[in-house]
Colleague: 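Structure incoming, see below.
We name chains A, B, ... by the order of the sequence lines, and we start the count at 1 in each one. As the structure is a computational prediction, the values presented were derived from the model and not from experiment.
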2 protein chains.
Amino acid sequence: MTSQDEGADGSEQGRGAARTRERGLHGRVLASLGPAITAGEYPPGTVLLTEELAARYEVSRTVAREAVRVLESMHLVESRRRVGVTVLPAEQWNVYDPQVITWRLAGADRGRQLRSLTVLRSAVEPVAARLAAEQATPEECAALTEHALGMVATSRGGQLDNYLVHDIDFHRAVLRASRNEMFARLGDVVAAVLTGRTQHDVMFSDPRQEAVTLHVQVAEAVRERDGARAERIMRTITEDAMAELDVLAP
Amino acid sequence: MTSQDEGADGSEQGRGAARTRERGLHGRVLASLGPAITAGEYPPGTVLLTEELAARYEVSRTVAREAVRVLESMHLVESRRRVGVTVLPAEQWNVYDPQVITWRLAGADRGRQLRSLTVLRSAVEPVAARLAAEQATPEECAALTEHALGMVATSRGGQLDNYLVHDIDFHRAVLRASRNEMFARLGDVVAAVLTGRTQHDVMFSDPRQEAVTLHVQVAEAVRERDGARAERIMRTITEDAMAELDVLAP
DNA sequence: CTATTGAATACGTGTGACCTTTGGGGTTGA
DNA sequence: TCAACCCCAAAGGTCACACGTATTCAATAG
């Protein structure tokens with residue numbers, strides 16, 4: 001087998017959102033241009049020339065054009081004849097694109113992005129928990145309980161990494177059990193937020209035991225088909241998350 | 001090839017009407033391939049060949065590749081060497097992409113899509129209403145009231161089209177006033193859902209007066225900075241929308 | 001039966017040319 | 001003065017062709 005240089009870039013934390021995709025040259029251009037634009041390095045209205053991009057990244061115009069096409073589909077730029085590639089204002093960005101989210105979380109306004117996503121979580125996850133309680137299969141209930149117990153088991157002794165895995169799996173399972181594709185698709189977003197919180201906010205201490213208990217209670221409520229209770233407890237969890245964010249990043 | 005525009009085939013007769021603002025040839029390929037894939041015409045795992053696409057749409061491989069790149073950024077397909085362009089399962093689709101939403105709303109599982117989006121609305125809009133009540137500027141409050149009054153004025157006499165415009169403007173204003181970019185970005189989604197409901201479900205009659213009143217009350221609550229009330233009333237509105245959907249499309 | 005190796009294949013990339021659109025500036029005329 | 005008109009250069013859009021390269025599959029040797 002030939003050399004697989006793929007794993008060389010290191011940092012392979014939780015699978016899913018952090019999957020760096022630099023497939024092809026156009027991917028490399030994207031990996032550089034995307035973060036730059038979302039970080040605001042190019043103010044809205046800035047005009048980039050395809051030829052200039054091709055020269056800067058030492059690729060052919062074809063490759064540069066492919067990158068521009070992708071950026072265009074994310075509404076980060078607009079390509080017009082005789083004008084060039086214009087950077088669009090942030091209001092038009094496709095902020096639900098996982099790639100855009102990743103770029104922004106890695107960039108300058110990481111704080112604002114984290115806040116926006118946490119608010120979104122606070123709206124979606126309680127409703128998802130209620131729907132999960134109403135529709136989850138026994139297998140999904142079991143998985144939910146297992147993930148909650150995993151959180152309990154890793155909540156002490158500085159096993160933050162393992163705790164994070166179970167936390168992510170738990171929320172992902174709730175979203176999937178809601179049987180709503182729009183909710184399920186937010187699993188990656190939640191994973192990114194939780195990962196970001198653990199990495200960024202220097203959680204030196206173990207997670208708060210009340211938070212762990214709340215997760216267990218959500219699993220119980222779902223198992224008992226108590227949608228209202230599941231929703232209520234999940235709302236407490238997300239409100240705690242927002243409060244935590246306010247304390248750590250005012 | 002010298003005369004590339006409508007040579008002998010002449011299949012471009014609807015050029016004026018079909019000018020769907022699709023920029024460039026790759027846009028036309030997308031406008032055909034995207035709906036086809038999201039409609040399930042190509043089951044997951046189906047392999048499309050770039051060369052084959054180029055031939056089918058009578059474009060160069062370059063153009064076909066650009067279209068594939070965009071589809072790939074939406075996670076509708078995956079392009080791998082030696083194997084071709086593989087259609088991905090629906091679970092991986094970027095269902096928040098406005099383009100994907102449009103395609104799916106125009107296609108076969110329009111019903112399921114409408115239901116998913118309505119559930120999403122029921123989660124997001126009440127929270128957005130609360131945030132709007134807490135943070136809206138006087139100008140935004142005024143605009144909100146104006147849109148609500150517009151709904152009142154057009155709620156009788158079969159002015160459904162005008163009513164729809166005010167309805168959309170109202171919900172869009174609430175989402176924008178929430179000061180959350182993720183919520184604000186759902187304005188288009190809500191607009192699509194409301195439009196779809198009006199067009200599809202044959203609302204022969206005028207909108208229910210209770211619904212109109214609820215909108216006015218939301219505007220009042222926001223103006224009075226009563227977040228809890230705004231959230232509660234908006235929740236009633238979205239629950240009504242879901243109930244309506246259950247009645248009309250069981 | 002397993003592992004190695006080789007070839008066919010389809011995407012990936014680069015290049016150079018030409019076409020099409022479009023915005024701007026200069027000209028003309030009322 | 002100002003409007004309408006026209007012309008042209010600029011930039012993206014499209015194309016065909018060539019070569020690179022990873023990946024799959026099957027034939028082969030151990």
Colleague: Hey, mind stepping through A:Arg176 and A:Glu140 against salt bridge (charged side-chain N to carboxylate O under 4.0 Å, His left out) and telling me if it holds?
Modeller: CA-CA 9 Å; A:Arg176 279 192 37 235; A:Glu140 287 171 332; 5.1 Å; no
Colleague: Which residue in the set B:Val100, B:Ile101, B:Thr118, B:Val193 passes side-chain contact (heavy atoms from CB on, under 4.5 Å) when paired with B:Gln113?
Modeller: B:Ile101
Colleague: Out of D:dG13, C:dT13, D:dA16, which nucleotide sits closest to the side chain of A:Arg65?
Modeller: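 Nearest nucleotide to the side chain: D:dG13.
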Colleague: Under the ring pair (Phe, Tyr, Trp, His ring centres under 6.0 Å) test, which residues partner B:Tyr57, sequence neighbours left out?
Modeller: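 Here no residue qualifies.
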Colleague: Output the rounded distance in Å from CD (A:Glu66) to C1' (C:dT13).
Modeller: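 After rounding, the gap between these two atoms is 9 Å.
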Colleague: Between atom NE2 in A:His26 and atom P in C:dC11, what is the gap in whole Å?
Modeller: 14 Å
Colleague: Rounded off to whole Å, could you give me the CG-to-P distance for the A:Leu53 and D:dG13 pair?
Modeller: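 After rounding, the reported distance stands at 12 Å.
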Colleague: For A:Glu72 and D:dG12, what is the distance between atoms CD and C1' respectively, to the nearest whole Å?
Modeller: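 Whole-Å distance recorded here is 11 Å.
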Colleague: Would you mind reading off the distance between B:Arg23 atom CZ and D:dG12 atom P, rounded to a whole angstrom?
Modeller: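 In whole Å, D:dG12 P lies 13 Å from B:Arg23 CZ.
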Colleague: Suppose the criterion is ring-ring contact (aromatic ring centres under 6.0 Å, His included): which pairs have a residue in residues 165-191 of chain A, not counting sequence neighbours?
Modeller: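 Qualifying pairs: A:Phe170-A:His215, A:His171-A:His215.
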Colleague: Enter the distance from B:Leu30:CG to B:Leu25:CG here, rounded to the nearest 0.5 Å.
Modeller: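 One gets 11.5 Å once the value is rounded to the nearest 0.5 Å.
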Colleague: Applying a 4.0 Å non-hydrogen cut-off, can you work out what B:Val59 is touching in the nucleic acid: base, sugar-phosphate, or nothing?
Modeller: sugar-phosphate
Colleague: Got a salt bridge between B:Glu181 and B:Arg185, using NZ or NE/NH1/NH2 to carboxylate O under 4.0 Å?
Modeller: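 Between B:Arg185 and B:Glu181 there is no salt bridge, as every charged N stays at least 4.0 Å from the carboxylate O atoms.
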Colleague: Using a cut-off of less than 4.0 Å, is there contact between a side-chain N or O of B:Thr62 and OP1 or OP2 of C:dT13?
Modeller: no
Colleague: Measure the distance from CZ on B:Arg28 to P on C:dT20 and round it to the nearest whole Å.
Modeller: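 B:Arg28 atom CZ is separated from C:dT20 atom P by 13 Å.
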Colleague: Can you check the A:Leu25 CG to C:dT15 P distance for me, whole Å?
Modeller: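 Going from CG in A:Leu25 over to P in C:dT15 covers 11 Å.
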Colleague: B:Glu22 CD to D:dG13 P: how many Å, rounded?
Modeller: 14 Å
Colleague: Mind listing the N/O atom pairs, protein and nucleotides 4-11 of chain D, below 3.5 Å?
Modeller:
residue : atom : partner : partner atom : Å
D:dA10  : O4'  : A:Arg82 : NH1          : 3.1

Colleague: Under 4.0 Å between a Lys/Arg side-chain N and an Asp/Glu carboxylate O for A:Arg69 and A:Glu72?
Modeller: yes
